[in-house]
Structure formats: structure tokens, C-alpha cells
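Below, each value reflects all heavy atoms present in this structure, side chains not excepted, and no hydrogens, waters or symmetry copies. In what follows, chains carry the letters A, B, and so on, assigned in the order in which the sequence lines appear, proteins first and then strands, with residues in each chain numbered from 1.
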Protein chains: 2
Amino acid sequence: MDSRRLLLISNSTSHGSGYLEHCENHFKARLTGVRRVLFIPFALFDRDRYTNTAKGRLEEMGFALDSLHQAPDPHQAVAEAEAFFVGGGNTFRLLDTLHQLNLIPAIRKRVTQGAAYIGTSAGSNIACVSIKTTNDMPIVQPSSFNALGLVPFNINPHYLDPDPDSTHQGETREQRIREFHEENSPPVIALRESAMLHIEGHRITLHGETGARLFLKGNEPVEHQEGDRLDFLLG
Amino acid sequence: MDSRRLLLISNSTSHGSGYLEHCENHFKARLTGVRRVLFIPFALFDRDRYTNTAKGRLEEMGFALDSLHQAPDPHQAVAEAEAFFVGGGNTFRLLDTLHQLNLIPAIRKRVTQGAAYIGTSAGSNIACVSIKTTNDMPIVQPSSFNALGLVPFNINPHYLDPDPDSTHQGETREQRIREFHEENSPPVIALRESAMLHIEGHRITLHGETGARLFLKGNEPVEHQEGDRLDFLLG
């Protein structure tokens, strides 16, 4: 996996800014040398509309976009992709569709060969070991929760700190991640909105001024700030 | 299912009151004539501790409690149960354990025969068609998302109304339930904290002053108040 080039983003739209605005520079940096991006729209129900939104935005940044759902041969499209952009939405629907099309091994192989991978929200979840730290409702049942495994940890996107003034009795996000570690071992990096990970070979750098919270099984969570190197998460 | 006697509660503890305090009278009403309750603790990791908490509380109310995880023969315990109490926690873990023990048909059969069923949170989710409207993290993968099917609809417990002042970009609960209906047909009754459904044969009554929001596929959501009859949900 030394040639992997990933950008895993908590969210596509941050409060008070437009679609992909908070991460535009990171997007462009990750896609240096890329002309065409293969978009994976399966997290939303209306794939055509989603594709139009993403296409318009990437064209503004100077990239052409093809959508995987319009490819005559999805396996060929993946095998020839220069770069992937996997948009957010429902993580279960996204992973289920990729499993049904048997595209998980093909995407993993292409990223290993050096194709860039950019994910937002659900698209970041499926880059990881499994989707077991998604926030989404399980509206469809994938054959497996195992995901692309491009990194040996899990992400929790849209991370929310516990609200000390809340009267709500549902589990906090932190409690949910602790429950994950009652049953599973992989580290979980919880990315607040606007935060993202740049991964290049064996280097991981955290970006975004909101920072992230790292949960390791059996340990208290640890705060990380913009610019921190997290290479140790690659084992 | 004419003899079913269910109490499906959004949450076990409401803000500013103790464990099962907001629903104590409903609990007692549902368990009229019952001496021993069979507790199902599988939603939490520490089953012994959970059982002790539930046992102490039910004894205060005048009921004896046995836990299914301590039963020498779980199938026999289910077949002989006077009443079930299924506690909250992680819905995936709860359903996964019941599937692994092959107890789903046995519990359904016993409830059909007239054993009372009380669920809180995850325990209410699994009484329904499926767990596809849980709020929980998918920390383990059940063989199926199909649940007990004691009623032909789904519950969303701990329902939260969209917060107009929120800057968070994650999906609102309402958006998540709409996503459910992009892929599925069953009605979803979203129970705010403190709300609950009494079900007796073909009668459903909503209790709790916070009320509930009903989502039918293809329709705008509708508000329901304490005392409303929702028998139409039984088809």
C-alpha cells in the first residue's frame, strides 16, 4: 500500500460554506496530475442528480467527472480510473451496492496501484476496515460490513462532542465508539466536521482546524490537532 | 396476534428522573397478573451488571426477575415466560445474539400465546419488522436485520426534532427516516423520549406527553399526541 494517495474527509459541506468549499485546496492537491475523476454516487438514492452536482463542482475545480453508475462496464471503469471520488449519503446503501457489483476488490486493487481516492463522510467510512463506525441508519443490509480496507483503522465522520447541557438520553457519539471497542479492535479516528486525513504511502496528516479525537481500544480518547502526524495508525 | 400485549417505550430513563420512573405505572399496568419477568440483557456488554440493575428496579415494583443469559435452557425459559422485558443498549448486538441463539421464532411464538412484552429503546426496535430504523452504531453484524415482527411497522426511539439552530451537517433524524423510505415500505412511528405505545390485540394507544411523529412512505410526517389511537398501523 506504499503508493496509496487518499484524502478522507469528514463532511462534504461545512456550516456557512458551499459544497466541497472547505476542502477545495486539499481536493486539488490530492488530484495533482489527474484529468478525469470517477465518481461513485451510490450513497444517495438519486444518482443522476448527485452526479450532476458533483460534476458541476469538479469542473469548476478543473477536473472532468464520469459517474460509475453510467459506465457501460463498471469493472473496466474502475480498472482504468485515474482517481476516485466517493460521495457521502447512506453508508449501508453505498457499501451494499459495491458488494452487489463485486467492486470492492477492484477498487482496492486500483488504489493500491496508485489511483487517488477521495471520500467524504460515507465515502470515508468505506475506505476503512469496516462500516461499523458509521452514524447512518441501516436502511439496507449489505452482505458484509467489511469495507475497502485501504487503511487499518476506522473513521467516525461528523464527530460530535458530548453536549454537557443536553437532556437527551440517547447514547453520545463517544459512548457509541466505546461500544464499538467492546466488540472490535481497530482504532477509530473521529473527525469533527471540517477535519480530514491526507494519506500518502505511510504518512498520515490531520487537516482542518476542528481537529479529531482518537479512540484506541482500552485507552482514554486523545485529542489531535491540525498538522499532527498519525503515521502510527498505519501499523 | 389478537392476544398480544406489548408496551414499547422510547427510552428507559428520562431527563431528571430515575431508571424506568417515567414509565413505572405503564409497566405495572402491562404486567397485571404477572409474577416473574424474563429479562433479556443482550443489548449491553456487561450482562450481569445490567441484570442486577433491572432486577433491583423490578423488585421495587413488585416483580421477580430472571435473566435469559443465566437460564440453563434459554429455549425453555422463553417457552415458559410469563412476560418479557427487553432492555436498551446496542440494537445490533441485541438482535445478533438472539439470532445466534435462534430465539427469534421462540419469543414471537410466546408473545403470540399471550406473554406480555415490554421493550425500551433497542428492545422496542426489535419488536418491530426490522432494526433498520435504529439509531445505533452497527458494532456487530447480525445475520439478518429482520426482527421479531410483533407489529407490522418500525419504531424510531429517542426521536429528535430537527434543530433549526444547528450548524451540524450530518443528516437529521427526519432525513434518515426519509432515506429508510427510499428503500423500504413499513410505517415508522418516531417516539420522542418519554413516549410509548401500549398495544393490546388490535388496539394501539400512544402515551407520554412528548408525543410521536408518524412517517408513512410517500407522505409528509404527521404529529400524534398522548391518547391518540393508532390501531390503523396494525393494518
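Contact of N135(A) with chain B is made through backbone and side chain together, with heavy-atom distances under 4.5 Å. For a residue to count as touching a neighbouring chain, one of its non-hydrogen atoms must lie under 4.5 Å from one of that chain's; by this rule I177(A) touches chain B with backbone and side chain alike. The contact between E193(A) and chain B is made entirely by side chain atoms (from C-beta outward), counting heavy-atom distances below 4.5 Å. Interface residue E171(A): only side-chain heavy atoms are found under 4.5 Å from chain B. Looking at S14(A), only its backbone comes within 4.5 Å of chain B, counting heavy atoms on both sides. If you measure heavy-atom distances from E183(A) to chain B, the contacts under 4.5 Å come from the side chain alone. For N156(A), the part lying near chain B is the side chain, with the backbone staying farther off; criterion is any non-hydrogen pair under 4.5 Å. Heavy-atom distances place the backbone of S143(A), and not its side chain, under 4.5 Å from chain B.
Using a 4.0 Å cut-off between charged nitrogen and carboxylate oxygen, E174(A) and R178(A) count as a salt-bridge pair. Residues D161(A) and R173(A) are not paired through a salt bridge, judged by the lack of any N-O separation under 4.0 Å between the basic side chain and the carboxylate. Ion pairing between a basic and an acidic side chain is recognised when a charged N comes within 4.0 Å of a carboxylate O; E223(A) and R192(A) show such pairing.
At a cut-off of 3.5 Å, with distance as the only test, a side-chain donor of T51(A) or S67(A) sits close to an acceptor on the other residue. Side-chain contact check for H99(A) and N146(A): no donor-acceptor pair (N or O, by modelled atom type) lies under 3.5 Å. No hydrogens or angles considered: nothing links the side chains of N11(B) and T120(B) as a donor-acceptor pair under 3.5 Å. With hydrogens and angles left out, the side-chain atoms of S130(B) and N154(B) include a donor and acceptor closer than 3.5 Å.
Using cut-offs of 30° and 60° on the angle between ring planes, the pair F92(B) and F145(A) is perpendicular. Using a 30° and 60° split on the angle between ring planes, Y50(B) and F39(B) fall in the perpendicular class, above 60°.
Between chain B and the residues G89(A), S166(A), S12(A), P142(A), the most heavy-atom pairs under 4.5 angstrom are made by G89(A). Heavy-atom pairs under 4.5 Å with chain B were tallied for H168(A), R176(A), H158(A); the largest tally goes to H168(A). The candidate from G16(A), P157(A), S144(A) with the greatest count of non-hydrogen atom pairs under 4.5 Å with chain B is S144(A). Interface remark: of the candidates L160(A), N184(A), T91(A), L160(A) forms the most heavy-atom pairs closer than 4.5 Å to chain B. Contact count against chain A (heavy-atom pairs under 4.5 Å) is highest for Q141(B) among H181(B), E179(B), Q141(B).
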